[in-house]
Amino acid sequence: MSDEEDIVLSELNDDELVEQMFDDLYDGLKEEIEEGVNILLERGWAPYDILTKALVGGMTIVGHDFRDGILFVPEVLLAANAMKGGMAILKPLLAETGAPRVGKMVIGTVKGDIHDIGKNLVSMMMEGAGFEVVDIGINNPVENYLEALETEQPDILGMSALLTTTMPYMKVVIDTLVEQGKRDDYIVLVGGAPLNEEFGKAIGADAYCRDAAVAVETAKEFVSRKHNQLAG
Ligand code: B1M
(Lines give C-alpha, C1' and ligand atoms only; values in the text may rest on other atoms or scores of the structure.)
Protein backbone atom coordinates (compact mmCIF):
# COMPACT_ATOMS: atom_id res chain seq x y z
CA MET A 1 0.00 0.00 0.00
CA SER A 2 1.40 3.45 -0.86
CA ASP A 3 1.58 6.38 1.56
CA GLU A 4 -1.16 8.09 -0.44
CA GLU A 5 -3.65 5.33 0.38
CA ASP A 6 -2.91 5.64 4.09
CA ILE A 7 -4.23 9.17 4.26
CA VAL A 8 -7.70 9.48 5.77
CA LEU A 9 -8.91 12.94 4.82
CA SER A 10 -11.36 13.25 7.69
CA GLU A 11 -8.56 12.72 10.21
CA LEU A 12 -6.57 15.73 9.01
CA ASN A 13 -6.97 19.13 10.62
CA ASP A 14 -8.20 21.99 8.42
CA ASP A 15 -4.77 23.22 7.33
CA GLU A 16 -3.51 19.72 6.58
CA LEU A 17 -6.69 18.93 4.68
CA VAL A 18 -6.38 22.03 2.50
CA GLU A 19 -2.71 21.13 1.81
CA GLN A 20 -3.79 17.60 0.91
CA MET A 21 -6.50 18.99 -1.37
CA PHE A 22 -3.84 21.05 -3.18
CA ASP A 23 -1.98 17.77 -3.80
CA ASP A 24 -5.13 15.92 -4.82
CA LEU A 25 -6.13 18.68 -7.24
CA TYR A 26 -2.61 18.61 -8.64
CA ASP A 27 -2.98 14.86 -9.15
CA GLY A 28 -6.45 15.25 -10.69
CA LEU A 29 -8.15 13.14 -8.02
CA LYS A 30 -11.78 14.16 -8.43
CA GLU A 31 -13.30 11.87 -5.79
CA GLU A 32 -10.80 13.00 -3.16
CA ILE A 33 -11.51 16.63 -3.98
CA GLU A 34 -15.23 16.01 -3.63
CA GLU A 35 -14.65 14.28 -0.31
CA GLY A 36 -12.45 17.16 0.89
CA VAL A 37 -15.10 19.70 -0.04
CA ASN A 38 -17.75 17.74 1.83
CA ILE A 39 -15.57 17.44 4.92
CA LEU A 40 -14.90 21.19 4.98
CA LEU A 41 -18.62 21.85 4.59
CA GLU A 42 -19.36 19.54 7.52
CA ARG A 43 -16.81 21.46 9.54
CA GLY A 44 -18.75 24.64 8.93
CA TRP A 45 -16.58 26.25 6.26
CA ALA A 46 -18.40 28.79 4.10
CA PRO A 47 -18.77 27.57 0.50
CA TYR A 48 -17.01 30.70 -0.77
CA ASP A 49 -13.98 30.03 1.46
CA ILE A 50 -13.73 26.44 0.22
CA LEU A 51 -13.89 27.70 -3.35
CA THR A 52 -11.25 30.37 -2.98
CA LYS A 53 -8.91 28.85 -0.39
CA ALA A 54 -8.93 25.15 -1.29
CA LEU A 55 -9.93 24.96 -4.98
CA VAL A 56 -8.66 28.20 -6.53
CA GLY A 57 -5.61 27.99 -4.28
CA GLY A 58 -4.84 24.52 -5.62
CA MET A 59 -5.41 25.56 -9.21
CA THR A 60 -2.92 28.40 -8.79
CA ILE A 61 -0.19 25.86 -8.02
CA VAL A 62 -1.22 23.82 -11.06
CA GLY A 63 -1.00 27.02 -13.14
CA HIS A 64 2.57 27.72 -12.03
CA ASP A 65 3.78 24.23 -12.88
CA PHE A 66 1.91 24.31 -16.20
CA ARG A 67 3.70 27.56 -17.03
CA ASP A 68 7.04 26.11 -16.04
CA GLY A 69 6.62 22.99 -18.16
CA ILE A 70 6.35 20.62 -15.20
CA LEU A 71 2.71 19.77 -15.93
CA PHE A 72 1.20 19.27 -19.40
CA VAL A 73 -2.27 19.59 -20.92
CA PRO A 74 -3.55 16.08 -20.02
CA GLU A 75 -2.62 16.52 -16.35
CA VAL A 76 -4.07 20.02 -16.23
CA LEU A 77 -7.29 18.71 -17.76
CA LEU A 78 -7.52 16.15 -14.97
CA ALA A 79 -6.92 18.88 -12.40
CA ALA A 80 -9.64 20.99 -14.05
CA ASN A 81 -11.99 18.01 -13.93
CA ALA A 82 -11.31 17.50 -10.23
CA MET A 83 -11.90 21.19 -9.60
CA LYS A 84 -15.21 21.03 -11.44
CA GLY A 85 -16.26 18.11 -9.22
CA GLY A 86 -15.71 20.28 -6.16
CA MET A 87 -17.43 23.26 -7.77
CA ALA A 88 -20.51 21.18 -8.58
CA ILE A 89 -21.01 20.49 -4.87
CA LEU A 90 -20.64 24.16 -3.98
CA LYS A 91 -22.78 25.56 -6.78
CA PRO A 92 -26.23 25.01 -5.22
CA LEU A 93 -24.94 26.28 -1.87
CA LEU A 94 -23.64 29.48 -3.38
CA ALA A 95 -26.91 29.96 -5.20
CA GLU A 96 -28.92 29.37 -2.03
CA THR A 97 -28.92 32.93 -0.75
CA GLY A 98 -32.52 33.48 -1.80
CA ALA A 99 -31.63 36.98 -2.98
CA PRO A 100 -34.22 38.60 -5.25
CA ARG A 101 -33.34 38.77 -8.95
CA VAL A 102 -31.13 41.79 -9.36
CA GLY A 103 -30.32 41.59 -13.05
CA LYS A 104 -29.45 39.33 -15.93
CA MET A 105 -26.09 38.51 -17.51
CA VAL A 106 -25.02 36.71 -20.65
CA ILE A 107 -21.48 35.35 -20.26
CA GLY A 108 -19.12 33.41 -22.49
CA THR A 109 -15.46 32.72 -23.20
CA VAL A 110 -14.26 34.34 -26.43
CA LYS A 111 -13.39 32.73 -29.74
CA GLY A 112 -10.25 30.60 -29.76
CA ASP A 113 -10.35 30.08 -26.00
CA ILE A 114 -11.65 26.98 -24.24
CA HIS A 115 -10.85 27.88 -20.63
CA ASP A 116 -14.09 27.87 -18.68
CA ILE A 117 -13.37 27.38 -14.98
CA GLY A 118 -13.11 31.10 -14.19
CA LYS A 119 -16.22 31.86 -16.23
CA ASN A 120 -18.13 29.09 -14.46
CA LEU A 121 -17.04 30.44 -11.11
CA VAL A 122 -18.20 33.93 -12.02
CA SER A 123 -21.55 32.48 -13.16
CA MET A 124 -21.95 30.61 -9.87
CA MET A 125 -21.16 33.64 -7.76
CA MET A 126 -23.43 35.87 -9.81
CA GLU A 127 -26.29 33.39 -9.44
CA GLY A 128 -25.59 33.25 -5.73
CA ALA A 129 -25.93 37.03 -5.60
CA GLY A 130 -29.34 36.88 -7.29
CA PHE A 131 -28.46 37.43 -10.94
CA GLU A 132 -29.96 35.34 -13.69
CA VAL A 133 -27.06 34.01 -15.75
CA VAL A 134 -27.13 32.70 -19.30
CA ASP A 135 -23.85 30.92 -19.98
CA ILE A 136 -23.08 30.54 -23.68
CA GLY A 137 -19.99 28.44 -23.09
CA ILE A 138 -16.56 28.61 -24.70
CA ASN A 139 -14.99 29.56 -28.04
CA ASN A 140 -17.66 32.11 -28.94
CA PRO A 141 -17.45 34.12 -32.15
CA VAL A 142 -19.09 37.55 -32.13
CA GLU A 143 -22.23 36.13 -33.76
CA ASN A 144 -22.92 33.98 -30.69
CA TYR A 145 -22.74 36.96 -28.38
CA LEU A 146 -25.03 39.02 -30.64
CA GLU A 147 -27.57 36.24 -30.88
CA ALA A 148 -27.62 35.68 -27.11
CA LEU A 149 -27.95 39.41 -26.41
CA GLU A 150 -30.84 39.63 -28.86
CA THR A 151 -32.65 36.60 -27.41
CA GLU A 152 -31.94 37.13 -23.73
CA GLN A 153 -31.99 40.94 -23.45
CA PRO A 154 -29.64 40.96 -20.44
CA ASP A 155 -28.42 43.95 -18.45
CA ILE A 156 -24.84 42.71 -18.62
CA LEU A 157 -22.54 41.14 -21.15
CA GLY A 158 -19.66 39.26 -19.53
CA MET A 159 -16.66 38.02 -21.47
CA SER A 160 -13.82 35.81 -20.31
CA ALA A 161 -10.39 35.20 -21.89
CA LEU A 162 -7.41 33.34 -20.44
CA LEU A 163 -4.94 33.66 -23.29
CA THR A 164 -3.02 36.73 -24.37
CA THR A 165 -3.81 35.67 -27.94
CA THR A 166 -7.59 35.60 -27.40
CA MET A 167 -8.12 38.63 -25.17
CA PRO A 168 -8.03 41.10 -28.14
CA TYR A 169 -11.16 39.35 -29.46
CA MET A 170 -13.14 41.08 -26.73
CA LYS A 171 -12.55 44.30 -28.63
CA VAL A 172 -13.97 42.71 -31.78
CA VAL A 173 -17.20 42.02 -29.91
CA ILE A 174 -17.37 45.50 -28.38
CA ASP A 175 -16.53 47.20 -31.70
CA THR A 176 -19.31 45.23 -33.40
CA LEU A 177 -21.77 46.39 -30.75
CA VAL A 178 -20.64 49.97 -31.34
CA GLU A 179 -21.02 49.60 -35.12
CA GLN A 180 -24.53 48.26 -34.67
CA GLY A 181 -25.46 51.09 -32.29
CA LYS A 182 -26.04 48.59 -29.43
CA ARG A 183 -23.06 49.25 -27.19
CA ASP A 184 -24.95 51.45 -24.74
CA ASP A 185 -27.71 48.88 -24.30
CA TYR A 186 -25.45 46.71 -22.14
CA ILE A 187 -23.04 46.89 -19.26
CA VAL A 188 -19.91 45.15 -20.57
CA LEU A 189 -17.74 43.44 -17.95
CA VAL A 190 -14.58 41.55 -18.84
CA GLY A 191 -12.26 39.24 -16.91
CA GLY A 192 -9.56 36.61 -17.10
CA ALA A 193 -6.06 36.17 -15.71
CA PRO A 194 -4.07 38.04 -18.42
CA LEU A 195 -6.35 41.13 -18.43
CA ASN A 196 -6.01 44.28 -16.36
CA GLU A 197 -7.89 47.49 -15.78
CA GLU A 198 -6.00 49.36 -18.46
CA PHE A 199 -6.87 46.73 -21.05
CA GLY A 200 -10.53 46.87 -20.04
CA LYS A 201 -10.56 50.62 -20.59
CA ALA A 202 -8.62 50.42 -23.85
CA ILE A 203 -11.12 48.03 -25.47
CA GLY A 204 -14.14 50.04 -24.31
CA ALA A 205 -15.50 47.72 -21.61
CA ASP A 206 -17.33 49.27 -18.65
CA ALA A 207 -15.09 47.44 -16.19
CA TYR A 208 -12.43 44.79 -15.74
CA CYS A 209 -13.19 42.33 -12.93
CA ARG A 210 -10.18 40.82 -11.18
CA ASP A 211 -12.11 37.88 -9.74
CA ALA A 212 -15.60 36.50 -9.27
CA ALA A 213 -16.27 38.49 -6.10
CA VAL A 214 -15.28 41.72 -7.84
CA ALA A 215 -17.49 40.74 -10.78
CA VAL A 216 -20.48 40.47 -8.43
CA GLU A 217 -19.76 43.80 -6.74
CA THR A 218 -19.15 45.56 -10.05
CA ALA A 219 -22.28 44.09 -11.60
CA LYS A 220 -24.42 45.18 -8.64
CA GLU A 221 -23.01 48.69 -8.75
CA PHE A 222 -23.55 49.13 -12.50
CA VAL A 223 -27.05 47.62 -12.47
CA SER A 224 -28.19 49.88 -9.62
CA ARG A 225 -26.67 52.88 -11.43
CA LYS A 226 -28.57 51.89 -14.57
CA HIS A 227 -31.84 51.51 -12.68
CA ASN A 228 -31.32 54.89 -10.98
CA GLN A 229 -30.71 56.51 -14.36
CA LEU A 230 -33.88 54.94 -15.74
CA ALA A 231 -35.85 56.12 -12.72
CA GLY A 232 -34.37 59.64 -12.83
CO1 B1M B 1 -4.44 26.84 -20.23
N2 B1M B 1 -3.23 28.39 -20.09
N3 B1M B 1 -3.93 26.51 -22.00
N4 B1M B 1 -5.50 25.24 -19.96
N5 B1M B 1 -4.49 27.18 -18.28
C6 B1M B 1 -3.25 29.21 -18.89
C7 B1M B 1 -4.27 30.34 -19.02
C8 B1M B 1 -1.74 29.74 -18.83
C9 B1M B 1 -1.58 31.09 -18.10
C10 B1M B 1 -0.86 28.64 -18.21
C11 B1M B 1 0.57 29.06 -18.07
O12 B1M B 1 1.32 29.01 -19.01
N13 B1M B 1 0.94 29.47 -16.88
C14 B1M B 1 -1.37 29.81 -20.36
C15 B1M B 1 -1.67 31.16 -21.06
C16 B1M B 1 -0.42 31.94 -21.38
C17 B1M B 1 -0.73 33.18 -22.09
O18 B1M B 1 -1.65 33.36 -22.82
N19 B1M B 1 0.12 34.15 -21.85
C20 B1M B 1 -2.22 28.67 -20.92
C21 B1M B 1 -1.97 28.02 -22.16
C22 B1M B 1 -0.72 28.46 -22.89
C23 B1M B 1 -2.84 27.03 -22.69
C24 B1M B 1 -2.70 26.30 -24.04
C25 B1M B 1 -2.29 27.17 -25.24
C26 B1M B 1 -1.72 25.13 -23.78
C27 B1M B 1 -1.38 24.31 -25.00
O28 B1M B 1 -2.23 23.75 -25.64
N29 B1M B 1 -0.09 24.29 -25.27
C30 B1M B 1 -4.12 25.69 -24.22
C31 B1M B 1 -5.07 26.65 -24.98
C32 B1M B 1 -6.42 26.08 -25.25
C33 B1M B 1 -7.37 27.13 -25.78
O34 B1M B 1 -8.05 27.80 -24.99
N35 B1M B 1 -7.43 27.28 -27.07
C36 B1M B 1 -4.55 25.56 -22.79
C37 B1M B 1 -5.41 24.57 -22.34
C38 B1M B 1 -5.78 24.39 -21.02
C39 B1M B 1 -6.59 23.19 -20.52
C40 B1M B 1 -7.65 22.73 -21.51
C41 B1M B 1 -5.63 22.06 -20.25
C42 B1M B 1 -7.14 23.73 -19.15
C43 B1M B 1 -8.54 24.37 -19.25
C44 B1M B 1 -9.64 23.50 -18.73
C45 B1M B 1 -10.92 24.30 -18.56
O46 B1M B 1 -10.96 25.50 -18.36
N47 B1M B 1 -11.99 23.55 -18.65
C48 B1M B 1 -6.15 24.84 -18.84
C49 B1M B 1 -5.99 25.41 -17.54
C50 B1M B 1 -6.78 24.78 -16.40
C51 B1M B 1 -5.13 26.53 -17.30
C52 B1M B 1 -4.71 27.16 -15.95
C53 B1M B 1 -3.71 26.19 -15.30
C54 B1M B 1 -5.80 27.44 -14.94
C55 B1M B 1 -6.93 28.34 -15.45
C56 B1M B 1 -8.02 28.33 -14.40
O57 B1M B 1 -8.98 27.61 -14.52
N58 B1M B 1 -7.80 29.08 -13.29
C59 B1M B 1 -4.07 28.53 -16.44
C60 B1M B 1 -3.00 29.06 -15.50
C61 B1M B 1 -3.50 30.22 -14.66
O62 B1M B 1 -4.40 30.95 -15.04
N63 B1M B 1 -2.87 30.41 -13.56
C64 B1M B 1 -3.80 28.27 -17.87
C65 B1M B 1 -8.70 29.11 -12.16
C66 B1M B 1 -9.79 30.15 -12.40
C67 B1M B 1 -10.72 30.17 -11.19
O68 B1M B 1 -9.17 31.41 -12.54
O69 B1M B 1 -9.72 31.53 -15.00
O70 B1M B 1 -8.30 33.33 -13.89
P71 B1M B 1 -9.40 32.35 -13.81
O72 B1M B 1 -10.74 33.14 -13.45
C73 B1M B 1 -10.84 34.09 -12.40
C74 B1M B 1 -10.54 35.53 -12.85
O75 B1M B 1 -9.64 35.61 -13.92
C76 B1M B 1 -11.88 36.13 -13.11
O77 B1M B 1 -12.69 35.49 -12.14
C78 B1M B 1 -12.31 34.11 -12.03
C79 B1M B 1 -12.65 33.62 -10.64
O80 B1M B 1 -12.07 34.37 -9.63
N81 B1M B 1 -12.55 35.95 -14.42
C82 B1M B 1 -13.61 36.76 -14.79
C83 B1M B 1 -12.37 35.05 -15.39
N84 B1M B 1 -13.24 35.24 -16.39
C85 B1M B 1 -14.03 36.26 -16.04
C86 B1M B 1 -15.10 36.86 -16.71
C87 B1M B 1 -15.73 37.94 -16.11
C88 B1M B 1 -15.30 38.42 -14.85
C89 B1M B 1 -14.23 37.84 -14.18
O90 B1M B 1 -16.76 38.47 -16.79
C91 B1M B 1 -17.58 39.38 -16.19
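Order of appearance sets the numbers: ligands from 1, and atoms from 1 within every ligand.
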Taking only non-hydrogen atoms of [X], do any sit less than 4.0 angstrom from ligand 1?
X      : result
Val73  : yes
Met125 : no
Met105 : no

Less than 4.0 Å between [atom] and some protein heavy atom, yes or no?
atom                    : answer
atom 39 (C) of ligand 1 : no
atom 49 (C) of ligand 1 : yes
atom 65 (C) of ligand 1 : yes
atom 43 (C) of ligand 1 : yes
atom 74 (C) of ligand 1 : yes

Checking a contact table here: which protein heavy atom is nearest [atom], and how many Å away?
atom                    : answer
atom 57 (O) of ligand 1 : Ile117 CB, 3.3 Å
atom 9 (C) of ligand 1  : Leu162 O, 4.7 Å
atom 35 (N) of ligand 1 : Gly112 O, 2.9 Å
atom 26 (C) of ligand 1 : Phe66 CZ, 3.8 Å
atom 84 (N) of ligand 1 : Ser160 OG, 2.7 Å
atom 56 (C) of ligand 1 : Met59 CG, 4.1 Å
atom 12 (O) of ligand 1 : Arg67 CA, 3.4 Å

Greater than 12 external heavy atoms within 6.0 Å of [X]'s [atom1]:
X      : atom1 : answer
Lys182 : NZ    : yes
Gln153 : CD    : yes
Glu197 : CD    : no
Arg210 : CZ    : no
Lys171 : NZ    : no

Trace of the side chain to side chain contact (heavy atoms under 4.5 Å, CB included) decision for Thr52 with Asp211: CA-CA 10 Å; Thr52 50; Asp211 59 29; over 6 Å; no
Joint cluster assignment, Ile203 & Tyr208, ILVMFWY side-chain distance < 4.5 Å: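 Same cluster.
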Path from Leu78 to Met21 over hydrophobic side-chain contacts below 4.5 Å: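 In one cluster: no.
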My understanding is that we take every heavy atom of each candidate and find the minimum distance to [atom]. Doing that for [options], which one comes out nearest?
atom                    : options                       : value
atom 32 (C) of ligand 1 : Ile114, Val214, Ile138        : Ile114
atom 68 (O) of ligand 1 : Gly118, Gly69, Ala79          : Gly118
atom 15 (C) of ligand 1 : Val188, Val190, Leu163        : Leu163
atom 19 (N) of ligand 1 : Leu71, Thr164, Asp206, Thr165 : Thr164
atom 81 (N) of ligand 1 : Gly192, Gly58, Ala212, Gly108 : Gly192

Those atoms of ligand 1 less than 4.0 Å from some heavy atom in [X]:
X      : answer
Lys84  : 47 (N)
Asp116 : 45 (C), 46 (O), 47 (N)
Leu189 : 90 (O), 91 (C)
Arg210 : 74 (C), 75 (O), 76 (C)
Asp211 : 76 (C), 77 (O), 80 (O)
Leu121 : 67 (C)
Met159 : 86 (C), 87 (C), 90 (O)

Test of proximity, Gly63 against ligand 1: N or O pairs below 3.5 Å: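 Looking only at distances, the answer is yes, because the N/O contact criterion of under 3.5 Å is met.
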Val62-ligand 1 polar pair, N/O distance under 3.5 Å: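 No, since none of the N or O atoms of Val62 sits under 3.5 Å from an N or O of ligand 1.
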Side chain to side chain, Val122 and Met105, heavy atoms closer than 4.5 Å: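 Yes; the side chains approach each other to less than 4.5 Å.
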Closest approach of Ile107 to Ser123 (non-hydrogen atoms, all atoms of both residues):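 In terms of heavy atoms, the two residues are closest at CG2-OG, 3.5 Å.
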[X] side chain to [Y] backbone, donor-acceptor under 3.5 Å:
X      : Y      : value
Thr166 : Ala161 : no
Asn140 : Lys111 : no
Asn81  : Leu77  : no
Asn13  : Glu16  : yes

Distance-only polar pair, side chains of Tyr26 and Asp65, donor-acceptor under 3.5 Å: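 The criterion, which ignores hydrogens and geometry beyond distance, is satisfied for Asp65 and Tyr26.
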Shortest-distance N/O/S atom, His115 versus atom 1 (Co) of ligand 1: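 Atom name returned: NE2.
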Asp15 with Lys53: basic N within carboxylate O range, under 4.0 Å: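 Salt bridge absent between Asp15 and Lys53.
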Inter-residue atom distance Met124.CE - Leu93.CG, 0.5 Å rounding: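 Between Met124 CE and Leu93 CG, I get 9.0 Å after rounding to 0.5 Å.
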